[in-house]
Amino acid sequence: MFQEVKDADFVRGEHSALKFWQDQKIFQKLRERNAGGPRWSFLDGPITANNPMGVHHAWGRTYKDTYQRFFAMMGYDQRYQNGFDCQGLWVEVEVEKQLGLGTKTAVNEYGIDNFVNECKRRVLTFAARQTEQSVRLGYWMDWDDPDQLRLLAEKVGSDEPVNFTAPSGKQESAPAHQIVERLGNPEWGGSYFTFSTENNETIWTFLKKCFTRGKIYLGHDVMPWSGRGGSAYSQMEIAEGRKLTTHKSCFVRFPLRSRNVAGCESEGVTGNQTPSPSDSQTPRQEYLLVWTTTPWTLTSNVAAAVNLDLDYVKLKANRDDAVYYFAKENLHFKRLEREFKEGFGRPEWKWPEGTPKLKTLAQIFKENGGFEELDTIKGAEMVGWEYDGPFDDLPAQQQPGGFPEDENFSDRCGTTCHRVIDGGRDSRGAAHVVAGEGTGIVHIAPGCGDIDHKMGAEHGIVAIAPLKEDGTYDEGFGDFTGREAISPETAELVFEKLKEKGLLVNVETYPHIYPHCWRTGDELVFRLVDEWFINMDWREEIKDVTRQIRWLPNSIDGQERECEWLSNMSDWMISKKRFWGLALPIWVDEESGDFEVMGSLAELKERAVEGWDDFEGNTPHRPWIDHVKIRNEKTGNLMTRIEDVGNPWLDAGIVPFSTLSYNRNHDEWQKWYPADLVTECFPGQFRNWFYSMLSLSTMMRYDETDDPAEKRPFKTLLGHRLVMDEKGQPMHKSDGTAIWFEEAAEQLGVDTMRWMYLAQNPATDLRFGTRHGDEQVTLETPDGPTAETKEGVPCCKVTSQPADEVRRRVLIPLWNSYAFFVNYARLDEFNPNAQKIPVADRPEIDRWVLSNLQSVLKVAQDEMPNFNAAAFCKAAEDFLDDLTNWYIRRNRRRFWRSRKVEGQEARDEGLIDGWDADKLAAYQTLYEVLVTLCKALAPFIPFLTERMYQNLVGATGEGQGASDAPQSVHLCEYPLPDQELLDPTLNARTATAQLVVKLGHKLREEKNLRVRLPLAELQFACASAEQREAIEHLGDVIREELNIKQISGADNLDDLVTYSFKPNLKTLGPRYGKLLGAIRNELPNLDGALLAPLRSGESVTVTLGGEDIELGPDDVMVSTEQATDWSCADEAGIQIAISTVTTPELEREGMARDFVRQVQSLRKDHDLEIQDRITVEFSSDDPEAAAAISEWDSYIREETLADSITRIEEAPDKVEPAAIGGAKASIWISRV
RNA sequence: GGGCGUAUAGCUCAGUUGGUUAGAGCGCAGCUCUGAUAAAGCUGAGGUCCCCGGUUCGAAUCCAGGUACGCCCA
């Protein structure tokens, strides 16, 4: 017996489904069932275990779950391993905040070991959190017990043994860190963690292969650096540390070489002479005028950059007749004028008090004796000019190859590189050098700046890097050596020296936004640092592999994008001067510069000459691994590991090897490699995860196969775009627009969200919804009401139009169909296990709906293996519409009809188990449709389908003997299309009838003839015999739907309509070319009679555009145009005409139906039960209405279960008159 | 600056090999149906298919140029 179905209550239902799965171990049973079956290999991209999940994470995870569930129902064995991304700066930053540490020194004082343990702890904590959230999403994975993860988090750093139970049930007792490093191993199961020793060690395998091929090298990069903190900073940290400050900035002049004389060689300097542009008799020194806010970098100046297109003024200063070049615009440019008035963009960033307004360059020159403009030239003309640097006397400037020395540039040094270069453009096409704040000539110090370094590399000029780790000048910088770069005294020393050399033009106090250490508040500097790189000159190998992969969705052209990146990318910088991450297995002999890469811990142990005992028993992380030293076999020197940690994309890129036991169990690895599917949010991943997987796989396999297809880590990649807010804007954690997973899950429902994600085109952004930060809500969860997340963020109201639409268009109709079935089946005590009526014996509409269902199942088989869930969703939505608005609506009466027909003895052969065969067929058909639909939709909306299945099948399975039914919908096999039930003609036939009904409704609408008013006749004519047959066959249906008394076919509707003729350009165009214009104009005006034969399939010859044209039936399109007393419409070759003439008889019948409608509405208002009987009373002034009601008395009573209908003179006051045809009547009812 | 992509109704998007009257959903307006009700159906209004050339009998579609936006790169 079915349980009564009430409101859907989606969210509460999801919690009960979750409990059911957990209690009954459904997922475990599914895995056991499929074990040993054919394999389908999914590879999960690790999620950063650093924060709780938001709705943007749930899109990809829904894909992952849905495809896994689909292939599981298809019988495939799978791994179900989730991954957590654990190492890297993002974790360090959060942990530093948490601990209040801001500098390298502070971390060192805190202890690297304590710090690293804290990182592990944070990762484990959020892994537990994300596990719980994923479970709520219905994401079936081999999850660790969140409580076990939290236990490990708590115990990390302590040596006391922890009793740990793995997902597989295996137990282990060991110190927490020794368990943590083995999480996700094949014996234990559970998620993989990229901090595992297996993962780190497999990266060592990769790096060893790179080393063996000679691809690892030591290079340089310029990084934001804190001297006191002694560490480099990321872009992310810099964004947090921007502050308004003032610096002493200065204008400096660089003397141009070989341009010290302008005009002629004559001598005689007279300062007060008034030269004219044409009369330049004076030898004058020419200068580039440059400006900087970081005077300390002038020691390292190597070049000067200009903008090629900019106008530069040539200006003479009267004081010393010096000639300056700088951007023309800058002469009168009012620097920081707006900032002086309005501040720097934030309320707290006001112009600093006591700082004078800046002068224009014109003003500065005027105050120093006046100036004269001589000429204007383009920046392009200046390129190549050489000049003397301001500090060419420093040894560092003179050292060949720059400072530190670069062997590739030993033919040049700082002083020999001084020249004007093209400043170039940035990634957005904006010029690096612009007029405005500076002088349009930018001093370039490749050892001190990010862009400078890139420009330097581009122009082949050396870098001079002045700073040591502590932020002070290195040896080789004369009086500067040992001074701190950011100290104001250093700037003063620079000014002093410049003044001595006569190069200082002006000094001023300049306020600006400058990067600071977000924790200590110290100013940052840019510093050239050693970094380790992989030479990517084997990029073609990777591209070959990339081409073996299918990239979805097609419209994104992912393969092209990935190949483009591979073509353009530079060498891969794999090192990072941090604490928490992969220990790069590079050991260096400081003395000789030799380095070696260890390929495994075993190799390291064999080579270790020192420190192994200190390391053993710990994870291969800093600080423990740093103890181990090896010996350089060439020199005999000790080799020390570099302190750097690895780029975290190495961690994620090795996953196709590490998680599949590449190093430990090659056979097992081969079973699952390459993965069938990888799916991820794509915009950034082409150069992150996809890139790292492709690179690492190509290198890992280079010595094993030459076939690029065998190197590929995955066969198909499914990318999807981003989750945005309702307006298409990105959602941010910082401004409270980001929606936390629980907020959405408990307010919108997870099935709803899943359908949103799955029905979305993955190539476009998903506009999810809106978080109302000012409206806090309390979420109802099984654990009780929740007003904030576990992190203390208040829960806010979330609204989503797309979610509302999904619920309205998909979930509610599905639920209503199910509720309709179940609630009538209960009344009728329908037994789904009763003898089946053969489908062939069921009414056509039953066969139609079953056939349609097979089409949906076929879409699943066609599209799901192509990872096109959206196509299936569309098909399912269409089917649902047919099911509710055609099948169920049309068949309602079959379910209401009393179970046993009168006089059954006489019709015994028509009864089955005492049931009317037609009614039983309806029940059986709808039951089959609903159960099949449940299974077909189970991977998509696992909660709702489970609830339906439990009632439809589960209850009967246990209670009524069909015990072979699987316990859960998710243990069912995915339904395959049954060819026997698939009947395309049936589908087409019904579609035709639906089309006629639609056309009929349209005509009624146009003529303002309500459907309750019966009409006399509908005539139709069709282009094809199939259509005609369909309409005749379903004539009763059409009559009922349209409320039309008679429906009749005709060869043509010539008597009812007139025709219009239009040329078929597609056929005539190629034949008549230019004549087409005339044909188009004249054909519609021809006498219809001339063209009439076309309608019976004959050709005609007519004169058009002065030529005889032969027109075949295909050359002319005929359409219906007008009618009298009839209203006509045509579509897809079907013409229909309905009689628009009404008669008093028809009017009266229409009135009766209006009356019924009103009574039904009253019944509903009175909350009557379906079977309650009533009496009806009415009053009306209209004799026609009264006559109609009396004429149709028995019909009305039957339809409304009324015992009597009585006309009364006066209606009670409160009764509102209702429209009955053109008349009014007041109606009221009472229950008997 | 180079490369790629996009531009269609108020919004979000479809639009096959060039073909006649450019579609869907949402929103809006009106109507209808309804004993599944957190319903549904129909109709309507709403379009310079970004602009300008070209190819063609014919261009939203193909080509060239431009504009705007997005992404990628140095």
Side-chain angles (χ1 to χ4, degrees), chain A residues 5 7-10 308-309 422 424-432 454-455 457-458 555-557 560-562 564-565 567-570 682-684 686-687 721 726-728 759-761 763-767 801-802 804-805 807-809 811-813 815-824 874 877 881 884-886 888-889 892-893 895-896 997-1006 1008-1013 1041 1043 1062-1080 1083-1084 1105 1117 1119 1153 1156-1157 1159-1161 1163-1164 1168-1172 1199-1201:
Chain A
V5 177
D7 285 349
D9 207 347
F10 295 117
L308 303 186
D309 303 322
D422 170 14
R425 287 166 186 276
D426 69 11
S427 56
R428 291 177 203 138
H432 282 125
K454 283 181 189 143
M455 275 192 212
E458 211 170 297
S555 60
I556 295 308
D557 211 355
E560 192 51 42
R561 282 171 80 155
E562 190 64 57
E564 195 191 311
W565 161 256
S567 300
N568 295 322
M569 70 189 179
S570 47
F682 62 69
F686 287 104
R687 53 206 183 104
R721 279 201 63 97
E726 203 118 31
K727 295 184 187 117
Q760 171 76 8
N761 175 357
T764 50
D765 289 338
L766 172 61
R767 300 183 171 210
Q801 276 189 22
D804 292 345
E805 201 188 323
R807 218 177 291 118
R808 191 166 55 71
R809 288 181 51 225
L811 302 187
I812 289 172
W815 185 261
N816 284 342
S817 306
Y818 155 75
F820 170 83
F821 169 83
V822 167
N823 291 339
Y824 280 100
K874 176 78 174 62
E877 286 176 18
D881 190 53
T884 58
N885 288 322
W886 193 261
I888 294 181
R889 189 172 53 78
R892 264 187 301 233
R893 283 168 195 269
F895 292 90
W896 301 339
V997 169
K998 184 183 141 185
L999 286 174
H1001 278 139
K1002 181 176 154 186
L1003 292 176
R1004 276 185 168 274
E1005 172 83 16
E1006 278 170 15
N1008 209 5
L1009 296 166
R1010 68 192 193 280
V1011 178
R1012 279 193 298 265
L1013 174 69
E1041 290 288 324
N1043 193 16
K1062 283 182 182 170
N1064 184 355
L1065 303 179
K1066 206 167 186 169
T1067 58
L1068 294 172
R1071 291 215 313 264
Y1072 294 105
K1074 281 202 162 65
L1075 208 54
L1076 213 59
I1079 296 176
R1080 253 176 114 170
L1083 185 76
M1117 289 177 297
S1119 62
R1153 292 183 62 148
V1156 169
R1157 166 85 190 96
V1159 175
Q1160 301 290 31
S1161 169
R1163 286 186 64 110
K1164 197 170 157 191
L1168 297 189
E1169 292 298 318
I1170 292 170
Q1171 63 278 7
D1172 289 340
E1199 286 294 311
T1200 61
L1201 295 187

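Keep in mind that this is a model prediction, so the values were computed, not measured.
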(message) Classify F10(A) by what it touches in the nucleic acid, base, sugar-phosphate, or nothing, heavy-atom distance under 4.0 Å.
(response) base
(message) From CD of E877(A) over to P of G25(B), roughly how many Å is that when rounded to an integer?
(response) 12 Å
(message) Expressed as a whole number of angstroms, how long is the span from L811(A):CG to A38(B):C1'?
(response) 12 Å
(request) Select base, sugar-phosphate, or nothing to describe what S567(A) touches, counting heavy atoms under 4.0 Å on all strands. (result) nothing
(message) Is the shortest side-chain heavy-atom distance between W815(A) and L811(A) below 4.5 Å?
(response) no
(request) Identify which nucleotide among G3(B), C26(B), A38(B) has an atom closest to any side-chain atom of E805(A), counting heavy atoms from C-beta outward. (result) C26(B)
(message) Would you measure the distance from the P atom in G47(B) across to the matching atom in U8(B) and give it in whole Å?
(response) 15 Å
(message) Using every non-hydrogen atom in the two residues, find where W565(A) and F686(A) come nearest and quote the distance to one decimal.
(response) CD1-O, 3.6 Å
(request) For the side chain of N816(A), starting at C-beta, report the closest nucleotide among A38(B), G41(B), A36(B). (result) A36(B)
(request) Using a heavy-atom cut-off of under 4.0 Å over every strand shown, decide if D804(A) touches base, sugar-phosphate, or nothing. (result) nothing
(request) Sticking with atom C1', work out how far C42(B) lies from G25(B), rounded to a whole angstrom. (result) 16 Å
(message) For V5(A) versus A819(A), what's the shortest heavy-atom pair and its separation?
(response) CG1-CB, 3.6 Å
(request) Take atom P in G65(B) and the same atom in C71(B), then report the distance between them in whole Å. (result) 24 Å
(message) Nearest 0.5 Å, please: how far is CZ in R687(A) from CD in E564(A)?
(response) 11.5 Å
(message) Roughly how many Å apart are U6(B) and C49(B), using the C1' atom of each and rounding to a whole number?
(response) 14 Å
(request) Figure out the CG/C1' separation between D9(A) and A38(B), and round it to whole Å. (result) 11 Å
(request) Determine which bases of RNA chain B form Watson-Crick or G-U wobble pairs with both distances under 3.5 Å, and write the result as a 5' to 3' dot-bracket string with | for other-strand partners. (result) (((((((..((((.....[...)))).(((((.......))))).....((.((..]....)).))))))))).
(message) Could you work out, with salt bridge (charged side-chain N to carboxylate O under 4.0 Å, His left out) as the rule, every residue matching R561(A), not counting sequence neighbours?
(response) none
(message) Distance check, C1' atoms only: C31(B) and U16(B), in whole angstrom units.
(response) 36 Å
(request) Give the rounded distance in Å between these two atoms: CH2 of W565(A) and C1' of G2(B). (result) 16 Å
(message) Pick the closest RNA chain B nucleotide for Q801(A) and for D7(A) by heavy atoms, then say which residue is nearer the 5' end.
(response) Q801(A)
What does the list of N/O pairs under 3.5 Å between the protein and nucleotides 16-18 of chain B look like, with a distance for each?
unit_1, atom_1, unit_2, atom_2, d
U17(B), O4, K1066(A), NZ, 3.4

(message) If I compare all heavy atoms of Y824(A) with all of F895(A), which pair ends up nearest, and what's the gap?
(response) CD2-O, 4.3 Å
(message) On a heavy-atom basis, which atom in P802(A) and which in E726(A) lie closest, and how many Å separate them?
(response) CD-OE2, 3.3 Å
(message) Minimum heavy-atom separation for R721(A) and D765(A), please, with both atom names.
(response) NE-OD1, 2.7 Å
(request) Specify the residue among P813(A) and K454(A) whose closest nucleotide of RNA chain B lies further upstream toward the 5′ end. (result) P813(A)
(message) Heavy atoms only, 4.0 Å cut-off, all strands: where does R889(A) land among base, sugar-phosphate and nothing?
(response) base
(message) Quick check against the 3.5 Å criterion: does N761(A) have a side-chain atom that pairs as donor or acceptor with the backbone of A763(A)?
(response) yes
(request) Hey, could you give me the CZ/CD1 distance between F821(A) and I888(A), rounded to the nearest 0.5 Å? (result) 10.0 Å
(message) The side chain of R808(A) is closest to which nucleotide in this list: C71(B), G41(B), C26(B)?
(response) C26(B)
(message) Can you check the distance between U32(B) and C69(B), where both ends of the measurement are the P atom (answer in whole Å)?
(response) 49 Å
(message) Would you measure the distance from the P atom in U67(B) across to the matching atom in C51(B) and give it in whole Å?
(response) 15 Å
(request) In whole angstrom, give me the gap between the C1' atoms of A14(B) and A9(B). (result) 13 Å
(request) May I have the distance from M455(A) (atom CE) to G1(B) (atom P), rounded to whole angstrom? (result) 16 Å
Listing time: all N or O pairs from protein to nucleotides 5-15 of chain B that are below 3.5 Å?
unit_1, atom_1, unit_2, atom_2, d
U12(B), OP1, R767(A), NH2, 3.3

(message) Tell me every residue that passes side chain to side chain donor-acceptor pair (under 3.5 Å) with R809(A), counting only those two or more places apart in sequence or in another chain.
(response) E805(A), E877(A)
(request) Could you tell me the separation between the CZ atom of R561(A) and the C1' atom of C72(B), rounded to a whole number of Å? (result) 7 Å
(request) Starting from P on U32(B), measure out to CZ on R1153(A) and report it in whole angstrom. (result) 14 Å
Would you tabulate the pairs of protein nitrogen or oxygen atoms and nucleotide nitrogen or oxygen atoms of nucleotides 60-62 of chain B closer than 3.5 angstrom?
none

(message) Quick check for you: among A38(B), G3(B), G41(B), whose closest atom lies nearest to any side-chain atom of E564(A)?
(response) G3(B)
(message) How many whole angstroms separate atom NE2 of H432(A) from atom P of G2(B)?
(response) 16 Å
